[in-house]
Amino acid sequence: MLLDRRAFSFGSAALLTGCATVGGRPRTFADCTPLPKVLADESRVIRTVAGLRPYRRSGFVVRREALGDKALVHNYGHGGGGITLSWGSSKLAIELGLQGHSGPVAVIGSGVMGLSTARLVQEAGFPVTIYTAALPPDTTSNIAGGQFHPFSVFRDSEVTAEFRAQFARALDYSWRRFQIMVGEDYGVRWLPTYVESDSPEEKVIATFPPVNRMLRPAEHPFPIDSMRRYDTMYVETGRYLREMLRDFEIAGGKIEIRRFASPADIAALPEPLVFNCTGLGSRNLFNDLGLHPARGQLAILEPQPEVRYAALGDFGYMFPRPDGIILGGTFEIDEWDATPQPAAIARIVASHKRFFDSFRCAA
Ligand SMILES: Cc1cc2nc3c(=O)[nH]c(=O)nc-3n(C[C@H](O)[C@H](O)[C@H](O)COP(=O)(O)OP(=O)(O)OC[C@H]3O[C@@H](n4cnc5c(N)ncnc54)[C@H](O)[C@@H]3O)c2cc1C
């Protein structure tokens, strides 16, 4: 098993001495700003999940090609950043597909990529049918922690300049599109995010992440010397995908449950334009052997509404959501078994427990 980041280490002893409790109430030192602790313990685990990220070292595929007399546009392979990139990648895909098109459109797949593509095609004024083997909640997209951040989307040494430009455009559009969906309806929320980091600033694109700076030890309770803070959005994936499906149906979209075994099956569809949004399914369907599963496992704890920040570091990551506190995670290439492994889950919970038990002060 591979943790997303290196195993958690506790930080310096000097930092660990800063916390005390007086009269049952937490005491705040001048050099420590408290935050509520996550109660990370096996007894608070309410469910565990595992999913297979569709990972390509050379980056996701947005490409148009001919399939018999049809136009086929691929939109798959977004690794650990598919929620993040969904609107933007789908925007690139529809720009390729809708040029000169008239008539109905087929979208294959109803994960986050299929639903975003279908909605953008509807917004452009075309009737859409989604053909899909499974609907939410039975998609990989439902498993995702839902942080807006393009984590593990490609390997730096294996992408072209052309791909980087495509990636930046996709991220920029997604960033703006998710902002107009913030709120309880779609389950999209802003949260301050604390990241263990040595780099003074992280800028993926000019506008993201926005608030982004190294903190002084006095500004946080974490037992870590170098912490960076940025603000980003978090998507409660179950609620979000349910609402996206609802929007699709309200706009007149049709759904047919169907699994395709080969491109020839797709060529027989009545629609002259087809978007392929099958995620990891594209490996077999289109024989893309560069597409690999990257298994991710999560432990979900009972919700704690008072926890309104996310944290990431060598210990793993914690995203608080109304449907539970998400603790992650693993990134296990070429593991095809999408069932949570008890030993990995126990390690995830234990590393978070060590981290939160070591807070220098707590709210
Ligand atoms: C543990 C974990 C945590 C994650 N955390 C984040 C995160 O914090 N932020 C983030 O941005 N991303 C995250 N991701 C990544 C994200 O979940 C994926 O990149 C994203 O879900 C991919 O979406 P998709 O629509 O391409 O694929 P899927 O959600 O897998 O959807 C594919 C669809 O295609 C259908 N399909 C497949 N094959 C066929 C076929 N042959 N015929 C018909 N239909 C077919 C399926 O039924 C499904 O409906 C995480 C993933 C995991 C596993």
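In what follows, residues are counted from 1 in the order of the sequence shown. Each ligand, and each atom within it, is numbered from 1 in the order the structure gives.
Close approach to Thr84 involves these atoms of ligand 1, each under 4.0 Å from a residue heavy atom: 9 (N), 10 (C), 11 (O). Close approach to Gly281 involves these atoms of ligand 1, each under 4.0 Å from a residue heavy atom: 38 (N). Counting atoms of ligand 1 from 1 in the listed order, those under 4.0 Å from a heavy atom of Gly51 are 53 (C). Heavy-atom contacts of Gly279 reach the following atoms of ligand 1: 26 (O), 27 (O) (cutoff under 4.0 Å). Interface atoms of ligand 1 facing Gly296, defined by a heavy-atom separation under 4.0 Å, are 1 (C). With ligand atoms numbered from 1 in the order given, ligand 1 contributes 29 (O), 49 (O) to contacts under 4.0 Å with heavy atoms of Thr139.
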Exercise for review: Please step through side-chain contact (heavy atoms from CB on, under 4.5 Å) for the pair Thr193 and Gln147, ending with a clear verdict.
Suggested key: CA-CA 10 Å; Thr193 302; Gln147 183 193 34; 3.8 Å; yes
Review point. Are Arg321 and Ile300 close enough, and set up right, to give a side-chain contact (heavy atoms from CB on, under 4.5 Å), and what steps lead you there?
Key: CA-CA 10 Å; Arg321 298 195 327 207; Ile300 294 112; over 6 Å; no
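Nearest protein heavy-atom contact of atom 41 (N) of ligand 1 is Phe260 O, 2.9 Å. Of all protein heavy atoms, the one lying nearest to atom 51 (C) of ligand 1 is Arg53 CG, 3.5 Å. Of all protein heavy atoms, the one lying nearest to atom 9 (N) of ligand 1 is Gln147 O, 3.0 Å. Atom 25 (O) of ligand 1 has Met113 N, 3.0 Å as its closest protein atom, hydrogens excluded (heavy atom only). In terms of protein heavy-atom proximity, atom 10 (C) of ligand 1 is closest to Gly80 O, 3.3 Å. Nearest protein heavy-atom contact of atom 7 (C) of ligand 1 is Gly146 N, 3.4 Å. Looking only at heavy atoms of the protein, atom 46 (C) of ligand 1 is closest to Thr132 OG1, 4.1 Å. The protein atom (non-hydrogen) at minimum distance from atom 5 (N) of ligand 1 is Gly145 N, 3.2 Å.
Below 30°, between 30° and 60°, or above 60°: for Phe355 and Phe359 the angle between ring planes is above 60°, a perpendicular geometry. Classification of the Phe331-Phe151 ring pair by plane angle, with boundaries at 30° and 60°, yields perpendicular.
No side-chain donor from either of Tyr240 and Ser141 sits under 3.5 Å from a side-chain acceptor of the other. In summary, the side chains of Arg119 and Gln122 do present a donor paired with an acceptor at a separation below 3.5 Å, with no hydrogens or angles considered.
The heavy atom nearest to atom 49 (O) of ligand 1, out of those in Ala133, Ala134, Gly77, is found in Ala134. Which of Ser90, Cys277, Gly79 comes nearest to atom 18 (C) of ligand 1 through a heavy atom is settled by distance: it is Gly79. Within the set Gly111, Ala50, Ser141, Gly82, the minimum heavy-atom distance to atom 23 (O) of ligand 1 is found for Ser141. Residue nearest to atom 32 (C) of ligand 1, selected from Thr278, Ile130, Leu135, Thr330: Thr278 (by heavy-atom distance). Across Ser174, Pro150, Ala144, Ser110, heavy-atom proximity to atom 14 (N) of ligand 1 is greatest for Ala144.
Residues Leu135 and Ile255 are in side-chain contact: their nearest non-hydrogen atoms beyond the backbone lie under 4.5 Å apart. Proximity of Phe148 to Val188: side-chain heavy atoms (C-beta onward) are nowhere separated by under 4.5 Å.
Any N or O atom pair closer than 3.5 Å counts here, and Ile83 shares at least one such pair with ligand 1. The N/O atoms of Thr140, backbone and side chain alike, include one that comes under 3.5 Å of an N/O atom in ligand 1.
Aromatic ring centres of Tyr194 and His220: separated by at least 6.0 Å. Aromatic ring centres of His78 and Phe60 lie closer together than 6.0 Å.
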Validation: residues 265-278 side-chain donor-acceptor distances under 3.5 Å, sequence neighbours left out:
from	atom 1	to	atom 2	distance (Å)
Asp265	OD2	Ala261	N	2.9
Glu271	OE1	Tyr131	OH	3.2
Glu271	OE2	Tyr131	OH	2.9
Asn276	OD1	Thr278	N	3.3
Asn276	OD1	Thr278	OG1	2.7
Asn276	ND2	His74	ND1	2.9
Asn276	ND2	Ser282	OG	3.1
Thr278	OG1	Ser282	N	3.4
Thr278	OG1	Ser282	OG	2.7

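The salt bridge (Lys or Arg N to Asp or Glu O under 4.0 Å) analysis of residues 175-192, with sequence neighbours excluded, yields the pairs Glu123-Arg177, Asp172-Arg176, Glu184-Arg189, Glu184-Arg239, Arg189-Glu236.
Heavy-atom contacts from other residues, nucleotides or ligands closer than 6.0 Å to NZ of Lys203 number more than 12. In Arg246, the CZ atom is not crowded: 12 or fewer heavy atoms of neighbouring residues, nucleotides or ligands sit closer than 6.0 Å.
Contact annotation: for Arg258 versus ligand 1, heavy atoms closer than 4.0 Å belong to the backbone alone.
Put simply, no part of Leu280 is less than 4.0 Å from ligand 1, judged by heavy atoms. At least one heavy atom of Gly81 lies less than 4.0 angstrom from ligand 1.
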